[in-house]
Amino acid sequence: MLQIYNSLTRKKEPFEPIDPANVRMYVCGMTVYDYCHIGHARVLVVFDMVNRYLRHLYGENHVTYVRNITDIDDKIIQRAQESHEPFTRLTERFIDAMHEDAEALGVLPPDEEPRATLSMEQIIEMIQTLLDKGYAYTAQNGDVYYDVSRFSSYGKLSGKRLEELRAGERVAVDEAKEDPLDFVLWKAAKPGEPCWESPWGKGRPGWHIECSAMSTHCLGCHFDIHGGGLDLQFPHHENEIAQSEAATGCKFVNYWMHNGFVRVDDEKMSKSLGNFFTIREVLKRYDPEVVRYFILASHYRSPLNYSDRNLDGAKAALTTLYTALRELPAGAEVHEAAEEARRFHEALSDDFNTPEAMAVLFELARDINRLRSAGDVERASGQGALLRHLAALLGLLQRPPQRFLQGKSGESGGLSDQEIERLVAARNQARAEKRWVEADRIRDELKKEGVILEDSGGKTSWRRE
RNA sequence: GGCUGGGUGGCAGAGUGGUUAUGCAGCGGCCUGCAAAGCCGUGUACCUCGGUUCGACUCCGGGCCCAGCCUCCA
């Protein structure tokens with residue numbers, strides 16, 4: 001039985017889908033005004049893993065995964081003005097970049113990827129409903145605000161009480177608001193800003209309303225899982241609950257999931273702090289699968305500390321796994337009932353405990369190596385098939401081992417595969433003639449070029465460092 | 001100030017009321033022409049002070065420290 005830590009109740013709960021034939025999950029995606037950083041990579045990868053596991057449990061066609069794109073907001077407008085281009089050109093560029101990054105990280109596309117600018121009808125409709133029901137008001141300046149005092153359970157998700165929030169208020173209060181905690185649903189357009197027609201004049205949606213409108217439109221007023229980064233818990237998700245439940249009159253989400261932050265030097269990585277690494281920057285130095293491994297090697301709710309040292313560790317670990325899979329005959333049958341499979345699923349079922357699941361993968365790798373040494377290639381292959389089968393749920397170990405171990409040909413301007421093969425052949429000739437000095441000279445030469453040789457079982461294999 | 005979450009071996013990172021996480025690095029051994037890879041073995045690890053208990057790193061309470069949210073942020 002899958003257990004999920006629910007941010008709303010602050011405890012692990014058994015996961016019971018509303019409709020097992022259609023498990024529904026919505027995740028807050030990117031605001032596309034810049035390249036994605038490693039924090040975004042974490043959301044993409046973590047919920048991709050959740051998506052994969054739900055599909056494993058409920059069936060490929062019985063899960064609907066929606067991840068939105070926020071393609072209109074203040075920062076987008078500001079950036080577009082700075083670069084003197086239409087905001088849509090800016091957002092298209094970064095949406096393409098995001099899709100490239102996601103694909104590189106092995107993130108499966110969501111079933112639906114709604115965009116704010118393409119959901120105006122639903123957004124305006126929801127705001128109108130909130131006005132009609134008395135949960136919102138129009139201000140003098142043409143903005144429409146949500147009246148927080150009308151929603152009695154406001155603060156439930158983030159564990160805050162209205163009085164505390166008011167006491168802690170430390171932001172210049174927009175004078176148009178009746179209460180500092182009220183938040184904007186519709187922003188009246190200033191001259192020159194992108195805008196849409198609405199019953200309240202030209203303007204654009206506030207940040208929170210789009211997710212309420214898009215999620216309920218795609219998944220219905222009540223769905224199973226809503227996810228996102230921990231920083232969205234308040235106020236974004238709190239406001240989503242207030243908007244959605246007030247508008248639809250039904251419970252919004254059963255399970256709230258929040259992934260922890262990525263840190264650099266023990267400080268949160270964020271755009272506002274400027275201490276972020278973009279995915280594409282990191283991918284210039286590390287294989288995407290190494291980045292994915294690094295992300296899943298920590299539990300999704302824990303902090304994840306970004307450093308070269310940790311990425312190097314991830315690379316070494318992944319190398320160990322792929323090395324175990326090297327040269328195993330393919331096509332062996334997977335024994336789903338194996339003890340390792342049971343423990344692997346037990347780990348993932350416990351609030352997606354990927355580190356513990358990964359420990360099982362290493363035990364399989366060791367078993368493969370033992371069996372191979374013992375000459376039992378058949379059983380080794382079986383364990384290899386199981387290893388790949390289980391790792392697939394994490395989106396790992398799906399490439400031919402050689403492709404991971406040997407890297408891309410000509411990468412970073414080193415020796416080509418052909419040149420390496422030629423040197424290996426020359427060395428093996430020398431070895432056959434017991435010219436050890438020459439053989440070792442070639443091996444050292446390759447080592448300098450970042451190529452490691454391994455002689456075993458009468459064969460020499462090589463890999464790039 | 002209010003509210004969350006956390007402090008595990010050299011590093012990373014799970015977990016458990018009493019018995020090996022796992023990975024990386026280190027050390028010893030096997031294998032190897034020598035290496036590498038692999039295998040076997042190996043490390044006074046659980047912030048602090050009390051309490052509960054036959055027994056706590058694991059439960060409870062105080063303290064210290066760290067991070068996050070309370071403002072845009074995945």
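Note on naming: letters A, B, ... go to the chains in the order of the sequence lines (proteins, then strands), and numbering restarts at 1 for each one.
With U4(B), C70(B), C34(B) as the candidates, the nucleotide lying closest to the side chain of Arg10(A) is U4(B). Nearest nucleotide to the side chain of Arg443(A), out of A35(B), C72(B), C39(B): A35(B). Closest approach to the Lys160(A) side chain among G33(B), G2(B), A37(B) is made by G2(B) (side chain taken as heavy atoms from C-beta onward). In this structure, the nucleotide among C73(B), G38(B), A37(B) sitting nearest to the side chain of Ser272(A) is C73(B). Out of C39(B), A36(B), G68(B), the shortest distance to the side chain of Ile452(A) is found at A36(B). If you check C73(B), G33(B), C70(B) against the side chain of Phe234(A), the one that comes closest is C70(B). Nearest nucleotide to the side chain of Ser373(A), out of C69(B), G38(B), U4(B): G38(B). Of all nucleotides listed (C34(B), G5(B), A36(B)), C34(B) comes nearest to the side chain of Asp455(A).
Glu465(A) pairs by the salt bridge (charged side-chain N to carboxylate O under 4.0 Å, His left out) definition with Lys447(A), not counting sequence neighbours.
Summarising the geometry, the separation between CG on Asn305(A) and P on U8(B) is reported as 13 Å, rounded to the nearest angstrom. Taking atom CG of Leu230(A) as the reference point, atom C1' of C3(B) lies 13 Å away to the nearest angstrom. Leu162(A) places its CG atom 13 Å from the C1' atom of C70(B), with the value rounded to the nearest Å. Distance Asp34(A) CG to C72(B) P: 19 Å, rounded to the nearest Å. The nearest whole Å value for the distance from the CZ atom in Arg372(A) to the P atom in C39(B) is 10 Å. Straight-line distance from the CZ atom of Arg263(A) to the C1' atom of G7(B): 11 Å, rounded to whole Å. Spacing between atom CG of Asn310(A) and atom C1' of G13(B) amounts to 10 Å, rounded to whole angstrom units. Here C34(B) presents its C1' atom at 13 Å from CG of Leu453(A), a figure rounded to the nearest Å.
Among pairs with a residue in residues 351-369 of chain A, those fulfilling salt bridge (Lys or Arg N to Asp or Glu O under 4.0 Å) read Arg301(A)-Asp351(A), Arg343(A)-Glu363(A), Asp367(A)-Arg370(A), at least two apart in sequence or across chains.
Between Glu178(A) and Arg150(A), no side-chain nitrogen of the basic residue sits less than 4.0 Å from a carboxylate oxygen of the acidic one, so the salt-bridge criterion is not met. A salt bridge does not link Lys75(A) to Asp34(A): none of the charged nitrogens lies less than 4.0 Å from a carboxylate oxygen. With respect to Glu238(A) and Lys160(A), no salt bridge is recorded, no charged nitrogen being found less than 4.0 Å from a carboxylate O. Looking at Lys448(A) and Asp444(A), no side-chain N of the basic residue comes within less than 4.0 Å of a carboxylate O on the acidic one, giving no salt bridge. Using a 4.0 Å cut-off between a side-chain N of Lys or Arg and a carboxylate O of Asp or Glu, Lys156(A) and Glu245(A) do not qualify as a salt bridge. Of the charged side-chain nitrogens involved, at least one lies within less than 4.0 Å of a carboxylate oxygen, so that Asp440(A) and Arg443(A) count as a salt-bridged pair.
Here, G68(B) and C60(B) have their P atoms 26 Å apart, quoted to the whole Å. For the P atoms, the distance linking A25(B) with C66(B) amounts to 33 Å, nearest Å. C59(B) and G5(B) are spaced 14 Å apart, taking the P atom of each and rounding to whole Å. Remark: the separation of the C1' atoms in G7(B) and C49(B) is 16 Å, to the nearest Å. Distance noted for atom P between U4(B) and C40(B): 46 Å (whole Å). Comparing the same atom, C1', in C46(B) and in A36(B) gives a spacing of 35 Å after rounding to whole Å. Distance noted for atom C1' between C69(B) and A56(B): 32 Å (whole Å). G26(B) and A37(B) have their P atoms separated by 9 Å, given to the nearest Å.
Looking at heavy-atom distances under 4.0 Å, Gly260(A) makes contact with a base. Counting non-hydrogen atoms under 4.0 angstrom, Lys75(A) reaches a base of the nucleic acid. At the heavy-atom level, Asp440(A) lies under 4.0 Å from base atoms of the strands shown. Within 4.0 Å (heavy atoms only), Arg370(A) reaches sugar-phosphate atoms of the nucleic acid but no base atom. Among the heavy atoms of the strands lying under 4.0 Å from Gly229(A) are primed sugar atoms or P, OP1, OP2 only; no base atom is included.
Residue Trp207(A) places at least one side-chain N or O under 4.0 Å from the OP1 or OP2 atom of C73(B). Side-chain N/O atoms of Asn369(A) include one lying less than 4.0 angstrom from OP1 or OP2 on C39(B). Lys271(A) has a side-chain polar atom (N or O) that falls below the 4.0 Å cut-off from OP1 or OP2 of A74(B). The side chain of Arg435(A) contributes no N or O atom lying less than 4.0 Å from OP1 or OP2 of G33(B).
In this structure, Glu82(A) places its CD atom where more than 12 heavy-atom neighbours from other residues, nucleotides or ligands lie under 6.0 Å away. The environment of Arg93(A) atom CZ is dense: over 12 non-hydrogen atoms of other residues, nucleotides or ligands sit within 6.0 angstrom.
Across all strands shown, the partner of C59(B) is G51(B), judged by Watson-Crick or G-U wobble contacts whose two distances both fall under 3.5 Å. The partner of C3(B) is G68(B), judged by Watson-Crick or G-U wobble contacts that both fall below 3.5 Å. Searching all strands for a Watson-Crick or G-U wobble partner of G38(B) with both distances below 3.5 Å returns C30(B). As the counterpart of G17(B), no nucleotide is assigned, since no Watson-Crick or G-U wobble pattern has both distances under 3.5 Å.
Just one residue in the list Val262(A), Asp231(A), Leu230(A) forms a side chain to side chain contact (heavy atoms under 4.5 Å, CB included) with Lys268(A), and that residue is Asp231(A).
Across the interface with RNA chain B, nearest-nucleotide mapping of Arg463(A) and Tyr5(A) shows Tyr5(A) to be the residue nearer the 5′ end. Across the interface with RNA chain B, nearest-nucleotide mapping of Pro235(A) and Asp367(A) shows Asp367(A) to be the residue nearer the 5′ end.
By the 5.5 Å and 30° criteria, Phe261(A) is not stacked with the base of G68(B).
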Pairs under 3.5 angstrom, nitrogen or oxygen only, protein versus nucleotides 14-24 of chain B, please.
unit_1	atom_1	unit_2	atom_2	d
A14(B)	OP1	His299(A)	N	2.7
A14(B)	OP1	Ser302(A)	OG	3.1
A14(B)	O3'	Asn353(A)	ND2	3.0
A14(B)	O2'	Glu356(A)	OE1	2.9
G15(B)	OP1	Asn353(A)	ND2	3.0
C24(B)	OP1	Thr320(A)	OG1	2.7

